[in-house]
Amino acid sequence: MAPAEKEKVHIRVLPDHVINKIAAGEVVERPASVVKELVENALDANAANIDIEIVSGGRTLISVSDNGAGMERNDALLSVERHATSKISDVDDIERINTLGFRGEALAAISSVSRFTLRSRPADALAGTELVMAEGKMQDVRETGCPPGTSIEVRHLFFNVPARRKFLRSEQTEEAHIRQTFMMYALANPAVGLKLKSDGKLIYNLPANATIENRLGDLFVSITKNDLRPVAWSSGNLRISGYAALPSLTRADRSEQYLFINRRPASAALLIGAIRDGYQALIPKNRHPIVFLFLDIDPAAVDVNVHPAKKEVRFRNPGEVRRAVSEAIREALKNPDAGAAPRPPQAAFPPETLGETPSTLSGPLAEAGAKQTETGRMDIAPTRSEASGRGELQSEYYRIRKHKFAPPPKAAVLPLMDYAGEKGHAPAAEEAGGKPWAWRRIVGQIANLYVIMETEDGLVLMDPHAAHERVLFEKFMAEVAKGAVKSQALLMAESVVLSPADALCLRRSMGTLKKIGFSIAEFGRDTFLVDAVPACFGDVAAQPLLAEIAADLSESSGRAGDGHVFEEQIARAACHASVKAHSRLSESEMEHLISELEKAEMPYTCPHGRPVIIHFSFHELARKFGRNAPRG
Ligand code: ADP
Ligand code: MG
């Protein structure tokens with residue numbers, strides 16, 4: 001190719017409307033970012049009520065009205081200029097920002113990529129001002145009658161930036177993002193009344209002057225006070241408040257960690273690490289705790305200026321904040337709040353297995369529990385998703401098992417926990433493929449959970465939960481491979497409500513789900529109607545089943561294409577959810593499960609990789625007892 005002829009280039013300063021359009025890329029990524037900026041402005045204007053309305057996931061209309069301070073005509077005109085803000089006036093002010101906005105970019109950016117109308121009136125003004133703009137250019141300015149406060153309408157977002165419009169996802173996706181944003185601000189500002197309407201339907205109507213507890217109750221329908229521990233910690237300029245969920249309530253991803261710094265939704269790797277530290281070993285490696293944490297910190301000690309969308313923050317004293325957060329959580333989990341079920345988080349077993357009477361535990365079991373957390377291991381992951389009984393429909397996406405089990409016999413537990421701690425190991429991987437033993441005798445079940453067996457060369461402990469998952473998984477995948485998944489109709493169709501994000505994932509996977517034996521229909525926003533599930537899952541409630549699948553899918557967000565990997569992923573989650581852990585097995589059930597496990601291809605681990613069996617050879621036992629011959 002011939003080199004292009006050298007043309008003379010001229011440098012020119014870009015006109016404002018072009019600059020704004022470029023800058024809009026940083027501030028306005030999608031409809032939810034518009035909602036975020038407009039709600040922040042309303043909050044900064046001290047609104048007591050904010051009404052939000054969207055149409056078509058915000059693509060057609062986003063309207064935010066507040067009853068805050070309002071603007072005079074001149075201020076209104078300035079507000080849509082780039083770098084026009086009432087919130088700071090000097091560089092030093094950046095050091096002590098206590099408003100949500102300060103860059104003066106949002107309105108300029110939003111108005112440059114939409115058809116934009118602003119109406120505003122301070123309470124003491126006789127008339128309001130209306131601005132009409134398109135592509136950042138003023139079309140009309142006039143006096144108008146309007147209630148005190150400000151209302152902004154953003155129509156046809158990105159109509160003049162086809163490249164960006166193309167990147168918008170489905171209306172449902174965009175709506176889900178908007179609702180997530182709405183929830184964040186609603187949580188951070190319980191005193192403010194907030195409404196959200198989507199396509200004419202009222203989705204949230206949250207009263208003003210609420211408490212954080214009211215808000216949690218309104219937004220997270222089935223998380224109860226018993227599931228949460230209050231966090232209250234302060235030292236010097238740093239105050240940490242909010243709630244930390246019990247370790248038994250976890251998620252596959254971090255989407256339920258609501259963090260706020262000076263009432264600003266924020267995230268920082270440091271906080272995430274600190275939260276994990278706070279929970280210590282109480283939570284399995286691949287699970288994440290649920291927290292609602294508010295950090296109030298001297299504005300001078302945090303830098304929110306790192307990112308134009310202001311989500312990522314930096315601390316002047318990261319070490320101190322980190323320590324404070326993990327200590328605050330540790331404290332919260334340590335002090336069971338009166339009224340909450342006293343389930344000691346340090347127990348050796350997942351709190352659920354201890355039923356409603358863990359407070360009676362003391363002595364050896366409690367000690368065993370303490371020992372186990374010290375070693376940082378927690379073999380039996382407390383899972384959030386054990387199936388609850390059919391009919392006990394849990395209306396939200398948090399599931400907490402409330403089954404009653406007798407506390408395990410204390411004396412029997414301690415020595416076994418000890419062994420597992422020092423010597424337990426799963427048989428080597430190369431043994432995979434064959435039966436794990438040639439001969440075995442079931443000795444019994446301990447702690448209503450572990451099955452003890454004698455085999456030809458030692459002692460085997462089996463986790464029936466993990467075993468059941470393995471057996472189900474292989475059976476199910478075999479049916480899938482043959483294209484012959486049996487479906488089983490539920491006696492009554494069950495409605496399942498998921499979080500916006502989880503619902504989205506599930507919706508994307510409907511095709512595969514149907515292929516593998518689910519009969520499932522969308523039933524409004526986040527609700528699904530299920531009337532059949534794969535037969536091999538047996539009598540399992542649809543809610544925990546779908547919630548587990550969705551959470552698992554959202555963890556690998558976006559990559560959920562169809563095909564084998566995806567089916568396997570669904571199967572893993574489904575098996576996990578369908579196994580009722582810790583229920584006492586009858587002898588014949590035990591026998592049946594073990595003989596099924598013997599036929600499995602990979603009997604040593606569950607589909608998630610946890611051990612199914614732990615083996616102690618006689619040789620090992622003999623050495624421990626100081627005998628030299630095995631079985632002597
Ligand atoms: P910033 O919030 O960073 O200052 P914006 O572009 O979002 O920048 O807003 C510019 C200015 O317009 C704000 O500083 C504020 O003075 C004014 N403003 C915007 N929205 C409102 C509102 N809802 N009520 C009152 N004033 C507002
Ligand atoms: Mg702003």
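For ligands, and for the atoms within them, numbers begin at 1 and follow the listed sequence. Quick caveat, the model's predicted, so the values are computed rather than measured.
- Taking every non-hydrogen atom of Asp66 and a distance limit under 4.0 Å, the qualifying atoms of ligand 1 come out as 22 (C), 23 (N).
- A heavy-atom separation below 4.0 Å is not found between Glu37 and ligand 1.
- Figure legend: cation-pi geometry between Arg165 and Phe158 absent, as NZ or CZ is not positioned both under 6.0 Å from the six-membered ring centre and within 45° of its axis.
- In the model, Ser63 has no side-chain atom that pairs as donor or acceptor with a side-chain atom of Glu53 under 3.5 Å.
- Remark: ligand 1 atoms within the under-4.0 Å shell around heavy atoms of Glu105 are 6 (O), 8 (O).
- Checked against a 3.5 angstrom limit, the closest N/O atoms of Met71 and ligand 1 fall outside it.
- Residue contacts with ligand 1: Thr150 is placed with a nitrogen or oxygen under 3.5 Å of a nitrogen or oxygen of the ligand (distance criterion only).
- Aromatic pair Phe220/Phe292: centroids less than 6.0 angstrom apart.
- Judged by the 6.0 Å and 45° rule, Arg263 forms a cation-pi pair with Phe294.
- There is no side-chain donor-acceptor pair under 3.5 Å between Ser509 and Thr512.
- Residue nearest to atom 25 (C) of ligand 1, selected from Ala106, Ala45, Ala109: Ala45 (by heavy-atom distance).
- Residue-ligand proximity: Ala69 is placed with every non-hydrogen atom at 4.0 Å or more from ligand 1.
- Taking 4.5 Å as the limit, some side-chain heavy atom of Met133 sits within range of a side-chain heavy atom of Val80.
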